[in-house]
Amino acid sequence: MPLIEEILKDNKITTKELNEIIVIDGPGSFTGVRLGITVAKMLAYTLNIKIKAISSIEAKMIITISDPKGKYFGIFNNGKLISELSYLSNVQYENFINTNYKEYKERDDDKLDIEAIYNYSKNIETQNPHIVKARYIKG
């Protein structure tokens, strides 16, 4: 909440001026995803504004998010997701990528491009805040 207050203050706007919320629903840190979604849902519901949920893979415009056992990934072409978001073990992932997508460049980073997220979200339908749920790697 303090970060949200700071961002609003820096941009000289109030919560009443918000007309939409974009929330990243995971995968990511279990607690971080839950807290982020809870705050976004609370704001959308109490302010009676639209909410959109996108995965961190879509938000980062990257291919993978790794854990010790495998990778959660999506394949993008020209900024568009062209495959289902999937999870494979490390060995299965390597075989899949080497068989089907050798020419694709893998990116795995933690930097968010806020403008890219906003532009990407224009094509995502809004949701009822009550149905926004976290997307966990193990799920």
Side-chain angles (χ1 to χ4, degrees):
M1 290 303 295
L3 181 58
I4 293 170
E5 289 175 348
E6 182 182 325
I7 291 168
L8 292 172
K9 184 178 176 184
D10 288 350
N11 289 284
K12 297 177 179 64
I13 58 174
T14 67
T15 55
K16 291 181 180 167
E17 294 173 271
L18 298 175
N19 61 9
E20 181 178 79
I21 292 177
I22 302 166
V23 64
I24 296 173
D25 63 1
S29 155
F30 178 78
T31 302
V33 170
R34 283 189 330 176
L35 289 173
I37 288 174
T38 299
V39 170
K41 288 170 65 170
M42 180 268 310
L43 285 171
Y45 184 71
T46 59
L47 297 171
N48 195 29
I49 59 177
K50 300 173 187 175
I51 187 170
K52 295 179 178 181
I54 61 176
S55 79
S56 54
I57 288 177
E58 293 167 301
K60 294 177 184 179
M61 299 299 174
I62 66 171
I63 295 176
T64 66
I65 293 177
S66 302
D67 73 12
K69 296 180 182 178
K71 295 182 186 285
Y72 192 76
F73 68 97
I75 307 294
F76 289 83
N77 191 347
N78 295 320
K80 303 261 189 237
L81 184 66
I82 61 169
S83 69
E84 292 291 320
L85 298 178
S86 304
Y87 182 86
L88 293 174
S89 72
N90 287 320
V91 171
Q92 291 171 321
Y93 173 81
E94 292 302 323
N95 288 337
F96 175 77
I97 294 300
N98 288 333
T99 302
N100 302 295
Y101 295 98
K102 279 190 233 179
E103 72 279 9
Y104 280 68
K105 189 171 188 174
E106 182 177 336
R107 288 179 50 204
D108 187 2
D109 61 28
D110 293 327
K111 301 217 174 9
L112 294 177
D113 181 337
I114 300 300
E115 188 172 340
I117 293 169
Y118 176 71
N119 289 331
Y120 183 81
S121 75
K122 290 177 183 177
N123 298 317
I124 296 174
E125 290 187 33
T126 59
Q127 299 179 23
N128 178 324
H130 294 294
I131 65 168
V132 174
K133 294 189 264 182
R135 187 185 320 223
Y136 299 115
I137 288 178
K138 298 301 180 198

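These numbers come from the heavy atoms of this one structure, side chains and all, not from hydrogens, waters or symmetry mates.
Shown here are the side chain to side chain contact (heavy atoms under 4.5 Å, CB included) partners of Lys133, two or more places apart in sequence or in another chain: there are none. Considering only residues two or more places apart in sequence or on other chains, Glu94 meets the side-chain hydrogen bond (donor to acceptor under 3.5 Å, both in side chains) condition with none of them. Here Ile4 pairs with Met1, Leu8, Val39, Leu43 under the side chain to side chain contact (heavy atoms under 4.5 Å, CB included) rule; sequence neighbours left out. For Thr14, the side-chain hydrogen bond (donor to acceptor under 3.5 Å, both in side chains) criterion is met by Glu17, not counting sequence neighbours. Taking Thr99 as the reference, nothing meets the side chain to side chain contact (heavy atoms under 4.5 Å, CB included) condition, with sequence neighbours excluded. With sequence neighbours excluded, the residues satisfying ring-ring contact (aromatic ring centres under 6.0 Å, His included) with Tyr45 are His130. Residues meeting the side chain to side chain contact (heavy atoms under 4.5 Å, CB included) test with Thr38, sequence neighbours left out: none. Applying the side-chain hydrogen bond (donor to acceptor under 3.5 Å, both in side chains) rule to Lys122 yields the partners Asn119; only residues at least two apart in sequence or on another chain are considered.
Summarising the geometry of Val132 relative to Ala53, their closest heavy-atom pair is CG1-CB, 4.1 Å, with the distance given to 0.1 Å. The two atoms that bring Ile21 and Ala44 nearest to each other are CD1-N, 3.5 Å, heavy atoms only.
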Q: List the steps and the verdict of side chain to side chain contact (heavy atoms under 4.5 Å, CB included) for Leu88 and Lys71.
A: CA-CA 6 Å; Leu88 293 174; Lys71 295 182 186 285; over 6 Å; no

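Classified by interplanar angle (parallel below 30°, tilted 30° to 60°, perpendicular above 60°), the ring pair Phe73/Tyr93 is perpendicular.
Between the CG atom in Asp25 and the CD1 atom in Ile54 there is a gap of 8.0 Å [rounded to 0.5 Å]. To the nearest 0.5 Å, atom NZ of residue Lys16 and atom CD1 of residue Ile49 are 12.5 Å apart.
Applying the side-chain contact (heavy atoms from CB on, under 4.5 Å) test between Ile51 and each of Thr126, Ile131, Val23 identifies Val23 as the sole match.
In terms of hydrophobic clustering, with Ile, Leu, Val, Met, Phe, Trp and Tyr side chains grouped at heavy-atom distances under 4.5 Å, Ile124 and Ile22 are assigned to a common cluster. There is a path of hydrophobic side-chain contacts, each under 4.5 Å, that joins Leu47 to Met42.
For residues 1-10, the set of pairs meeting the side chain to side chain donor-acceptor pair (under 3.5 Å) definition, not counting sequence neighbours, is empty. For residues 42-54, the salt bridge (Lys or Arg N to Asp or Glu O under 4.0 Å) pairs, not counting sequence neighbours, are Glu20-Lys52.
Think of Ile7 as one node in a network of Ile, Leu, Val, Met, Phe, Trp and Tyr side chains linked at under 4.5 Å; its network also takes in Leu3.
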